[in-house]
Amino acid sequence: MDVFNYVCVVLLCTTMVHGKPTLRKERVIHDSDLSKRTEEDNKSFQYDHEAFLGKEEAKTFDQLTPEESKDRLSKIVDRIDSNSDGYINTAELKAWIKRVQKRYVYENVAKVWTDYDLNKDNKISWDEYKQATYGYYLANPEEFDDATDQFSFRKMLPRDERRFKTADLNGDLAADREEFTSFLHPEEFDHMKDIVVQETLEDIDKNGDGDVDEDEYIADMFAHEDGGPEPDWVKTEREQFSDFRDLNKDGKMDQDEIRHWIMPQDYDHAQAEARHLVYESDQDKDQMLTRDEILENWNMFVGSQATNYGEDLTRNHDEL
């Protein structure tokens, strides 16, 4: 990791961009019944805050006082209540969460767009992306001989090119905003799902046989650094592999089984989170939330860490 960080610093200083080769995302599958999460799991509410606000806005709310957070939350409630009936149902909350997620994705692309659109033609060609991200490596490959395989630019370059060409729907090797968004966030686009599965397989399949066995599956999330016994959660994951991941019981996961694992057909994160928030905040159990019910449980929706850390309070924020 230290070598890769050094490489990225060199790249940033040389090319003056903020990008780096696309790396794998965490492969965490949340329980489909979020309403059953334990009290201990909910103490920080970090997942709820990011789902409800988006990652960047959640950081902003962390710097507000409880009074400021509640005031802004009250204004958000009006925007979620699409039919203005004074109640927030699960469908309205789900629509809001999906909107927040989409906004985060497109705002993320907007932040880096100018770093890659070098000729300012409002498109990003493969050559522009390659130069911005890999230019120093391509010009000085001898300096990267010691990079680990996991973060090797030599490995990531063809992988990024394959993903870029998949995102490039019209085949002109120049990505418009939508195509570049699908390149950076392939998990959000149906036509990119095969790439997500393939990259996941390549990340975990260390012996290169085209499948993921149980040890490779465990090694992706746990390393025996001290040589001691496996913790209980690892034993549970081994059972998960045998009972739920390896569907055909041949001792390994193929691409179809990996797809079923990371993209379960019957699971909708936004729907699950909306149900969870309603379940936890619906005091009269009518399956709907009033403004008062939401504000009563404000810490789950938005929270605040300013008083905990004694940070200077951020004021005059723009409304969501």
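Nothing here was measured: the structure is a model prediction, and the numbers come from that model. Values reported hereafter were calculated over all heavy atoms of this structure, with side chains retained and with hydrogens, waters and symmetry mates removed.
- Within the 4.5 Å cutoff, side-chain heavy atoms of Arg259 are placed close to those of Asp194.
- With a 6.0 Å radius and a threshold of 12 heavy atoms from other residues, nucleotides or ligands, Gln283 has its CD atom above the threshold.
- Here the CG atom belonging to Leu157 is positioned 6.0 Å from the CG atom belonging to Leu138, to the nearest 0.5 angstrom.
- The minimum heavy-atom distance linking Glu187 with Val196 is given by the pair N-CG2, 3.9 Å.
- Taking OG1 from Thr181 and NZ from Lys102, the interatomic distance works out to 10.5 Å, rounded to the nearest 0.5 Å.
- In plain terms, the two heavy atoms of Asn248 and Lys252 that are nearest each other are OD1-O, 4.2 Å.
- Taking the six-membered ring wherever Trp is involved, the centroid distance between the rings of Phe45 and Phe301 does not fall below 6.0 Å.
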Inset, instruction - Kindly determine whether Phe52 and Leu73 satisfy side-chain contact (heavy atoms from CB on, under 4.5 Å), including the steps that lead there. - result: CA-CA 10 Å; Phe52 184 74; Leu73 176 59; 3.6 Å; yes
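- Side-chain N or O atoms of His260 include none that pairs as donor or acceptor with a backbone N or O of Phe244 at under 3.5 Å.
- Taking 4.5 Å as the limit, some side-chain heavy atom of Phe183 sits within range of a side-chain heavy atom of Asp160.
- A salt bridge links Lys193 and Asp190; the closest N-O separation between the charged side-chain nitrogens and carboxylate oxygens is under 4.0 Å.
- Taking a cutoff of 4.0 Å between a charged side-chain nitrogen and a carboxylate oxygen, Arg245 and Glu214 do not qualify as a salt bridge.
- Between Tyr106 and the options Lys111, Glu188, Glu178, His185, a side chain to side chain donor-acceptor pair (under 3.5 Å) holds for only Glu178.
- Pairing each heavy atom of Leu64 with each of Ser69, the nearest pair is CB-OG, 3.5 Å.
- In this structure, the side chain to side chain contact (heavy atoms under 4.5 Å, CB included) partners of Asp268, at least two apart in sequence or on a different chain, are Lys94, Lys98, Ala270, Gln271.
- A distance of 6.0 Å separates CD1 in Ile218 from CD in Glu237, rounded to the nearest 0.5 Å.
- Ile204 and Ile195 fall into different hydrophobic clusters, where Ile, Leu, Val, Met, Phe, Trp and Tyr side chains are chained together by heavy-atom contacts under 4.5 Å.
- Without hydrogens or angle criteria, Gln63 side chain to Thr60 main chain gives no donor-acceptor distance under 3.5 Å.
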Legend entry - Residues Tyr134, Met156; criterion side-chain contact (heavy atoms from CB on, under 4.5 Å); working and verdict: CA-CA 9 Å; Tyr134 298 98; Met156 296 305 298; 3.5 Å; yes
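- A distance of 11.0 Å separates CD in Glu161 from CG in Asp168, rounded to the nearest 0.5 Å.
- Hydrophobic clustering, with ILVMFWY side chains joined whenever heavy atoms are under 4.5 angstrom apart, keeps Phe189 apart from Ile262.
- Cluster annotation: Leu201 is connected to Met221 through the hydrophobic network of ILVMFWY side chains, with a link wherever side-chain heavy atoms come within less than 4.5 Å.
- Ion pairing of Lys59 with Glu50 is absent here, as no side-chain N (NZ or NE/NH1/NH2) approaches a carboxylate O to less than 4.0 Å.
- Smallest separation of non-hydrogen atoms from Asp282 and Gln287: OD2-N, 2.7 Å.
- Between Tyr217 and Trp261, a ring centre-to-centre spacing shorter than 6.0 Å is recorded.
- A 4.5 Å side-chain heavy-atom check between Asp211 and Glu257 finds every atom pair outside the cut-off.
- Using a 4.0 Å cut-off between a side-chain N of Lys or Arg and a carboxylate O of Asp or Glu, Arg238 and Asp215 qualify as a salt bridge.
- For the residue pair Glu293/Ser281, the side-chain donor-acceptor check at 3.5 Å is not satisfied.
- No continuous path of hydrophobic side-chain contacts links Tyr104 to Ile80 [ILVMFWY only; heavy atoms under 4.5 Å].
- The shortest distance between side-chain heavy atoms of Val77 and Trp96 does not fall below 4.5 Å.
- The backbone N or O of Asp121 lies less than 3.5 Å from a partner atom in the side chain of Asp117, making a donor-acceptor pair.
- Atoms CE and CG, on Met253 and Asp246 in that order, are 8.5 Å from each other to the nearest 0.5 Å.
- For the pair Arg72 and Glu57, the salt-bridge criterion is met [side-chain N within less than 4.0 Å of a carboxylate O].
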Inset, instruction - I would like to know whether Arg162 and Glu199 meet side-chain contact (heavy atoms from CB on, under 4.5 Å); could you show each step before the answer? - result: CA-CA 10 Å; Arg162 181 184 63 197; Glu199 291 180 1; 3.7 Å; yes
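- Put simply, the side chain of Gln255 never gets that close to the backbone of Val197: no donor and acceptor are under 3.5 Å apart.
- Under the 3.5 Å distance criterion, the side-chain polar atoms of Glu128 are matched with a main-chain donor or acceptor of Leu118.
- Minimum interatomic distance between Phe241 and Val212 (heavy atoms only, all atoms of both residues): CZ-O, 3.6 Å.
- Taking CZ of Arg103 as the reference point, atom CG of Asn108 lies at 13.0 Å (rounded to 0.5 Å).
- No donor-acceptor pair under 3.5 Å is formed between the side chain of Lys206 and the backbone N or O of Asp220.
- No donor-acceptor pair closer than 3.5 Å links the side chain of Ser74 to the backbone N or O of Asp71.
- A heavy-atom distance below 4.5 Å is not found between the side chains of Leu53 and Val100.
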Inset, instruction - For Asp176 and Ile124, run side-chain contact (heavy atoms from CB on, under 4.5 Å): C-alpha distance rounded to whole Å, both residues' side-chain angles, the deciding distance at 0.1 Å, then the answer. - result: CA-CA 7 Å; Asp176 59 23; Ile124 296 173; over 6 Å; no
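- Using a 4.5 Å heavy-atom threshold, the side chains of Phe164 and Glu179 count as separate.
- Residues Met288 make up the rest of the hydrophobic cluster containing Tyr87, defined by ILVMFWY side-chain heavy atoms closer than 4.5 Å, directly or through other members.
- Between Asp78 and Arg291, some side-chain heavy-atom pair lies under the 4.5 Å cut-off.
- With contacts defined as side-chain heavy-atom distances shorter than 4.5 Å, the pair Leu184/Val112 qualifies.
- The main-chain N or O of Ser84 is found under 3.5 Å from a side-chain atom of Asp81 such that the two form a donor-acceptor pair.
- For the pair Lys130 and Tyr137, the cation-pi test (distance below 6.0 Å, angle within 45°) is failed.
- Taken together through direct or relayed side-chain contacts under 4.5 Å among Ile, Leu, Val, Met, Phe, Trp and Tyr, Val278 and Trp298 form part of one hydrophobic cluster.
- The existence of a salt bridge linking Asp203 and Arg159 is confirmed by a sub-4.0 Å separation between a basic side-chain nitrogen and an acidic carboxylate oxygen.
- The minimum heavy-atom distance between Ala175 and Trp113, with the atom names listed, is O-CH2, 3.7 Å.
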